[in-house]
**Q** 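First the structure, which I've put down as structure tokens, then a few questions once you've had a look.
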Amino acid sequence: MIDIKYLRENPDVLRTSQKGRGEDPAIVDRVLASDDARRTAIADYEALRAEQNLFSKSVGAAKGEEREALLEKGKVLSAAVKAAEARKSEAEVAAHQEILLLSNILDPKAPIGGEEDFVVLEHVGTPRDFTKDNFLPKDHVELGKLLGAIDTERGAKVSGARFYYLTGVGALLEFALVNYAISSAVKAGFIPMITPVLVKPPAMEGTGFLGQAAENVFNLEKDDFYLVGTSEVPLAAFHMDEVLNVEKLPLRYAGYSTCFRREAGTYGKDTRGIIRVHQFDKVEMFTFCKPEDAVAEHQRLLQWEKDFLTAMEIPFRVIDVASGDLGSSATRKFDCEAWIPTQEAYREVTSTSNCLEFQARRLNIRMKGAEATSHVATLNGTLVAIPRMIVAILENHQNADGTVNVPVALQPFLGTSRFELV
RNA sequence: GGUGGCGUGUCCGAGCGGCCGAAGGAGCGCGCCUCGAAAGCGCGUGUUGGGGAAACUCAACCGUGGGUUCAAAUCCCACCGCCACCGCCA
């Protein structure tokens, strides 16, 4: 949510930001109008209410006939107050709904444009040249079968398209990845967390997933729950409606949870394998910090993501995501894209966003120190999203016979240096 | 799922439908006292929103939302949460 006081004074900043995102700048003017209406309604109501408060006191003191007359007048006043209050509530709800439509203000450094207008910041590692190894790489589906690691056919049989089983070494690989991720996060000072995956509407709304992203959220209507698409949601909402001690910041959490995504509008995209699935597990980093520290924190989260990929010995690149592809909450976002040999392409495996105070304002998360109470900044970043990491590891570290070498960092967690054929 | 109890300020804890933003205590801050500290004494100590340059002022907030009333922390209803016991259960 945008700060209405800031918006009143800087409407042009918001208009420019909306345009940069490819969103409607006219929302800014609708917000201003609804804010005006809101304030008028508040003033009207409060004036009447003040009158009523005074009047009511005089009734208490009066007696007999005089009292009867006052009671009559009181009824009229009461009705007027009630009506004004209804108008006030209506205006407040309308103004709130209007301002929720505004996306976060773009970081001026974020590249402007659509999904394909990202800027490549750097390459780490070099894609492996399979011609030198004299064999054609197999894709992760084939490798998964040979190793007894991934079963997509039975996933489809039981749960439908975009579901899978991790079996044997596939399951062990997930545990190894999670253990490595959590232990390195703990070493870096993160508090490990296992979060709920069913959340109530305010948590979903507050993190900004019920706007444009709503169609990708599973909703249990009967019970008024949402299935989270990322533990960013329960991690952000962890401190909902709280005032944090500024001395305790930054607070860093590493959340492990299952993630559920409807993947609406992706028919025909990534239909093979486990690149794009409805359910997967992920370790997510989440930071609450002072707004002035957020940009530096964003770099730290990115660095932890790079460290992870480096430890997995995966060649990757880092991109500065373009304005049109940021999502409503982020001011800036970096993606790490791993090289996927059989696709001969870099594919997103992790992502980190700086939301500044946008989510905190919606979730009502503030900080208090010597100075006044104000909103915190929130940032999130993927440490490891299991299926895509499995794809990257299998495909990049495969041998001609279909066996796969285990990255050194994972070997202590797996007790082996190679996945063998079953 | 059933029965009973409870939900007030940072915490504990009072509260007759008007004089309650709310007694009393604790904590915290400042001051006095002291060589210093403790104790004691005095003063102060919430949040959000509207108006205002500011001083300040008005409104709202006693789990949440409705209702009754001229007037609700106080009465009524619903919901949520917590605690206890029973039943069922991984």
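Since the model is a prediction, treat every value here as computed from it, not as a measurement. Naming convention: chains lettered A, B, ... in sequence-line order (proteins, then strands); numbering from 1 in each chain.
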**Q** At less than 4.0 Å, is any side-chain N or O atom of A:N53 found next to OP1 or OP2 of B:A60? Yes or no.
**A**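 Answer is yes, contact under 4.0 Å.
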**Q** Just by distance, no angles: are the side chains of A:E23 and A:S103 close enough, under 3.5 Å, to form a donor-acceptor pair?
**A**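 A donor-acceptor contact under 3.5 Å links the two side chains.
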**Q** RNA chain B: stems of at least 3 consecutive Watson-Crick or G-U pairs, cut-off 3.5 Å?
**A**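 Paired runs of 3+ in RNA chain B: B:1-7 with B:80-86, B:10-12 with B:24-26, B:27-32 with B:40-45, B:46-51 with B:56-61, B:63-67 with B:75-79.
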**Q** Check whether the ring centres of A:H278 and A:Y164 lie less than 6.0 Å apart, and answer yes or no.
**A**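 A:H278 vs A:Y164: aromatic centres not under 6.0 Å.
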**Q** Hey, what do you get for CZ (A:R162) to CD1 (A:I275), rounding to the nearest 0.5 Å?
**A**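 These two atoms lie 11.0 Å from each other.
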**Q** Considering only the P atoms, how many Å lie between B:A60 and B:C19, rounded to the nearest integer?
**A**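 About 12 Å, rounded to a whole number of Å.
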**Q** Distances under 3.5 Å between protein N/O atoms and the N/O atoms of nucleotides 44-54 of chain B, please, pair by pair.
**A**
unit_1 : atom_1 : unit_2 : atom_2 : d
B:U48  : OP1    : A:R366 : NH1    : 2.9
B:G49  : O3'    : A:R38  : NH2    : 3.3
B:G49  : N2     : A:E46  : OE1    : 3.2
B:G49  : N2     : A:E46  : OE2    : 3.3
B:G50  : OP1    : A:R38  : NH2    : 3.3
B:G51  : OP1    : A:R39  : NH1    : 2.9

**Q** How far, in whole Å, is B:U57 from B:G44 if one measures between their P atoms?
**A**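 Approximately 16 Å lies between the P atom of B:G44 and that of B:U57.
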**Q** What nitrogen or oxygen pairs link the protein and nucleotides 74-80 of chain B at under 3.5 Å?
**A**
none

**Q** When you measure from the side chain of A:A50, which nucleotide among B:U68, B:C58, B:A72 comes out closest?
**A**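 That would be B:C58.
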**Q** As a test of understanding, state which of A:N354, A:T352, A:D320 forms a side chain to side chain donor-acceptor pair (under 3.5 Å) with A:R332.
**A**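 The passing option is A:D320.
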**Q** What's the gap between B:C20 and B:A72 when it is taken at their C1' atoms, as a whole Å value?
**A**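 Comparing C1' positions in B:C20 and B:A72 gives a spacing of 11 Å.
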**Q** When you measure from the centre of the six-membered ring of A:F225, is the NZ or CZ of A:K200 under 6.0 Å away and within 45° of the axis?
**A**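 Cation-pi check for A:K200 and A:F225: passes.
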**Q** Over all strands shown, is A:K82 touching base, sugar-phosphate only, or nothing at heavy-atom distances under 4.0 angstrom?
**A**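 Since only primed, P, OP1 and OP2 atoms lie under 4.0 Å of A:K82, the category is sugar-phosphate.
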**Q** Suppose you measure atom C1' in B:G52 against the same atom in B:C16; what distance do you get, rounded to whole Å?
**A**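 Result for the C1' pair: 40 Å, nearest Å.
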